[in-house]
Amino acid sequence: MPELPEVETVRRGLAPVFENAEILGLDLARPDLRFPFPERFAERVAGRRVLSLGRRAKYLLADLDDGEVIVAHLGMSGAFRIETDGEAVGGEAETVAAHAFVYPRSQARAHDHVVFRLKAAAGGVPMRIVYNDPRRFGFMTMVRREAIASHPYFRNLGVEPAGNALDGDLLARLFAGKAAPLKAALLDQRLVAGLGNIYVCEALYRAGLSPVAPAGTIATKAGRASVRAERLADAIRSVIDEAIAAGGSTLRDHRQANGELGYFQHSFSVYGREGEPCRTPGCGAAVARIVQSGRSTFHCPRCQK
DNA sequence: ACTGGATCCTGCCTGC
DNA sequence: TGCAGGCAGGATCCAG
């Protein structure tokens, strides 16, 4: 599920319930996910209030009222769902849109690993936020707010791909002199933080750039932006912004009848479309799949140079 | 300094 | 129908 647009969608879905809520307790179904949970995780979280739910790259950050931050990464298959204790929630289900729907309380499902039990808001019902992760590539830890910037997870993270931070000049500077293919450079979280396999493929298609072209070819000899760099920066911003607006992409996750979650997957131009026609008008070539550093790359061999 | 490959784990799809 | 093999949205570590 989760590249940046999906994580942002999760954040927006959880925030109305999680922010300002008091955590009554934490239930852990096992001692670890990808890594062990932090020492005394449940005790440190119990009784704390969540001040805000933020995001950096693909990380979720829940700021607590004692200066600690719960840091969560969804890995490949992590997902949150919100449950009530069975009462109808009326309009609240609408507020909590996109990737986090409010479900009636249910029996624990397979691969439910963490449950945050929340105190009922005034006039509301108690909520539970459940973390489910079949592959357990996700992880959670706790870091003090002032230590976030220097923490190993964050200190080497590159620029956010959405918003105004990323432009052709910056991208050209980051990629100047690099022999690695554009695909690999865009997946490198130290350069641009938050892109994953899907959105890299889509951005390269939009920019008309070959995934195998050396990253340094988007910079001039002086390290300045070229037309290619500007096109790529524009493509990254537009694909990420559009995907966030669409609620992210939902793949292999269709188990819930009411959970037609994100819908950006319907807008893919190349990802998962091997053998299908390129969508560029008049192109007519078939989308190709190649493997770069062990992962599938989808591209149009005719449009992308 | 880079790069590709292996690795963690489970589920699902394909092909024999 | 059963089962082996391959593949999947991530990110780190290691050898070359």
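In this text the structure is predicted, and so the values were computed from the model without any measurement.
- Counting any heavy atom pair closer than 4.0 Å across all strands shown, A:A179 reaches sugar-phosphate atoms only and no base atom.
- Within a 6.0 Å sphere centred on CZ of A:R49, heavy atoms belonging to other residues, nucleotides or ligands number more than 12.
- Counting atom types as modelled, A:R135 pairs a side-chain N or O with a base atom of C:dA8 as donor and acceptor under 3.5 Å.
- Looking at every heavy atom in both residues, A:P2 comes nearest to A:V7 through CB-CG2, 3.9 Å.
- Remark: A:S249 is not in phosphate contact with C:dG9, judged by side-chain N or O atoms under 4.0 Å from OP1 or OP2.
- In this structure, CZ of A:R34 is placed 12 Å from P of C:dG10, rounded to the nearest angstrom.
- In this structure, A:L171 and A:L191 have side chains that are not in contact, with every pair of non-hydrogen atoms separated by 4.5 Å or more.
- Within 4.0 Å (heavy atoms only), A:Q292 reaches no atom of the nucleic acid at all.
- Going from atom CG of A:L60 over to atom C1' of C:dG10 covers 14 Å, rounded to whole Å.
- Annotation: B:dC9 and C:dC3 have their P atoms spaced 23 Å apart (nearest Å).
- The stretch residues 136-145 of chain A touches DNA chain B through A:R136, A:F137, each having a heavy atom within less than 4.0 Å of the strand.
- The shortest side-chain heavy-atom distance between A:F264 and A:I244 does not fall under the 4.5 Å cut-off.
- Taking the ring centroids of A:F18 and A:F116, they lie under the 6.0 Å cut-off.
- In this structure, CZ of A:R295 is placed 15 Å from C1' of B:dT3, rounded to the nearest angstrom.
- Using a 4.0 Å cut-off, some side-chain N or O of A:H73 falls inside it from OP1 or OP2 of C:dA11.
- Both A:Y59 and A:S296 lie near DNA chain C, and the one whose nearest nucleotide falls closer to the 5' end is A:S296.
- Comparing C:dG6 with B:dG5, their P atoms sit 15 Å apart, to the nearest whole Å.
- The closest side-chain donor-acceptor pair between A:T297 and A:Q292 falls under 3.5 angstrom.
- When distances run from any side-chain atom of A:E6 to the nucleotides C:dG9, B:dG11, C:dC7, the shortest one goes to C:dG9.
- The phosphate of B:dC9 (OP1 or OP2) has no side-chain N or O of A:H111 nearer than 4.0 angstrom.
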Per-residue pairing states of DNA chain C in dot-bracket (Watson-Crick or G-U under 3.5 Å; . unpaired, | other strand) read .|||||||.|||||||

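- Nearest approach of A:F175 to A:A215, heavy atoms of both residues: CB-O, 3.5 Å.
- Under the 3.5 Å distance criterion, the side-chain polar atoms of A:R273 are matched with a main-chain donor or acceptor of A:P277.
- Distance OH (A:Y131) to P (B:dC9): 15 Å, rounded to an integer number of Å.
- Within the 4.5 Å cutoff, side-chain heavy atoms of A:P211 are placed close to those of A:Q304.
- What separates CG of A:L191 from C1' of B:dT3 is a distance of 14 Å, to the nearest Å.
- Using modelled atom types, one finds a donor on one side chain and an acceptor on the other under 3.5 Å when comparing A:R206 with A:S238.
- Comparing atom distances between the A:Y271 side chain and each of B:dG11, B:dC8, C:dG9 picks out C:dG9 as nearest.
- Note: CG (A:L4) to C1' (C:dG9) measures 13 Å, nearest angstrom.
- The interatomic distance linking A:K178 (NZ) with B:dG4 (P) rounds to 13 Å, in whole Å.
- What separates CG of A:L33 from P of C:dG10 is a distance of 18 Å, to the nearest Å.
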